[in-house]
Amino acid sequence: MAKMMPHTHIIGTGSSIPKRILSNKDLEGIVDTTDEWIIQRTGIKERRISVKGERESTTDLTTQASVKAIEMASISPKSLDMIVVGTVTGDRMFPSTACMVQEALNAENAMAFDVSAGCTGFLYALSMADNAIQCGTCKNALVVGVDRLSSVVNWQDRGTCVLLADGAGAVVVTSATEQGGILSTHLKSDGKLWELLYSSDGNNHIPKILQGIDIKPFHLRMDGNRLFKRAVGYLSSIANEALEHNSLTIKDIGLLVPHQANIRIIKAVSKNLYIPMERVYTNIHRYGNTSSASIPIALDEANRENMLSKGDHVLFVSFGAGLTWGASIVRWSI
Ligand code: ACO
């Protein structure tokens, strides 16, 4: 008899964001911008920035989000076989954030590694865990998306510094025979487009009101205009690919949880997919673009706000540096 493939179910979610709020008004004192321009062109009203000495390093934020997800999942950290973290802003070049968090959690039985896929890092990480569970190499996995883009922002570049922010989101997934959970994940990349968003050497200037933030010796460069157009097209087509693969239509999707990069991108994708904004989760006005963390933070909030019921289909879509992009459909099972 053919062996039944296990299914990967999300059984816990958690998130952690820094305490320090950086408002659009604060940014008016840093670069030549206005609250009105930022809200109209991006939908962002404020964002969170991690500060040194506040236990808000990449490892700290990851650990805090993971503890909440593990608590919800009601498992012991020792029962985790895998920790996979999507990030491009780990505290160190090596070891991985996943290994640092393994120590913090006492998750001594897990293999631990990071995935670098820009803002799509969480979906890439989720897919790694899903594959390991389906292959039977893993029963319980912790999947995290975390970034501290404040550490790679060029605070003199008004085209990027108003967008980017810090945070972490986590899920615990487990192997089960029951149908549902992650139905499929679809990942793409196109290295020919790396120049649309990349890190560049350079000493970063720290504005006065942000003294005390942790800055890396390189910063982010972005061609926002070209990225915007690609993002709308790629997110719409990858969402349709995921729907077709599962013989679903957009009417079957209870909640779309997109990467939170720009409210105009999200609205354009919702229009292309014919899904009303009432069924699209957004928190970009409060957190800005938290990169790999944006989907798991939004998912955790939607979950804790009781917006998801057992059996609902949730569609994730994301894009980021690489370029990378992806989609995943989950039949909710908590
Ligand atoms: N305040 C005021 N004016 C600004 C600002 C600002 N913060 N930023 C740019 N402008 C100006 C520009 O200089 C330009 O002025 P000009 O006409 O005199 O030359 C004008 O506004 C229009 O600039 P555009 O770049 O055309 O503005 P656009 O409407 O495209 O918005 C934005 C820019 C918000 C960056 C948009 O292109 C965008 O969101 N792109 C996608 C970015 C993205 O998704 N990045 C993340 C992907 S990966 C990840 O998540 C890390």
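In listed order, ligands and their atoms are each counted from 1. By convention here, the first residue in the shown sequence is residue 1.
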- request: With sequence neighbours left out, write down each residue that passes salt bridge (charged side-chain N to carboxylate O under 4.0 Å, His left out) with R47, or none if nothing qualifies.
  value: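 In terms of salt bridge (charged side-chain N to carboxylate O under 4.0 Å, His left out), with neighbours along the sequence ignored, R47 is linked to no residue.
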
Return yes or no for this condition: an N or O of [X] is under 3.5 Å from an N or O of ligand 1.
{"X": "T34", "result": "no"}
{"X": "N225", "result": "yes"}
{"X": "R264", "result": "yes"}

message: I'd like to know if R20 pairs up with E56 as an ion pair, taking the criterion as any Lys NZ or Arg NE/NH1/NH2 lying under 4.0 Å from an Asp or Glu carboxylate oxygen.
response: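 Salt bridge flag = no for E56 with R20.
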
query: So does R331 pair up with D312, basic N to acidic O under 4.0 Å?
result: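 Salt bridge between R331 and D312, a charged N being under 4.0 Å from a carboxylate O: no.
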
Heavy-atom distances under 4.0 Å are what count here, so tell me which part of [X] touches ligand 1: side chain, backbone, both or neither.
{"X": "T160", "result": "neither"}
{"X": "T33", "result": "both"}
{"X": "L197", "result": "side chain"}
{"X": "C119", "result": "side chain"}

- prompt: Of all the non-hydrogen atoms in the protein, which one sits nearest to atom 32 (C) of ligand 1, and at what distance?
  reply: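 Minimum-distance protein heavy atom for atom 32 (C) of ligand 1 reads N262 ND2, 4.4 Å.
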
Residues R221 and S200: side-chain donor-acceptor under 3.5 angstrom: yes

Distance-only donor-acceptor hits, side chain of residues 266-275, under 3.5 Å, sequence neighbours excluded:
residue	atom	partner	partner atom	Å
S270	OG	I275	O	3.1
N272	ND2	S236	OG	3.0

query: Protein heavy atom under 4.0 angstrom of atom 19 (O) of ligand 1, is there one?
result: no

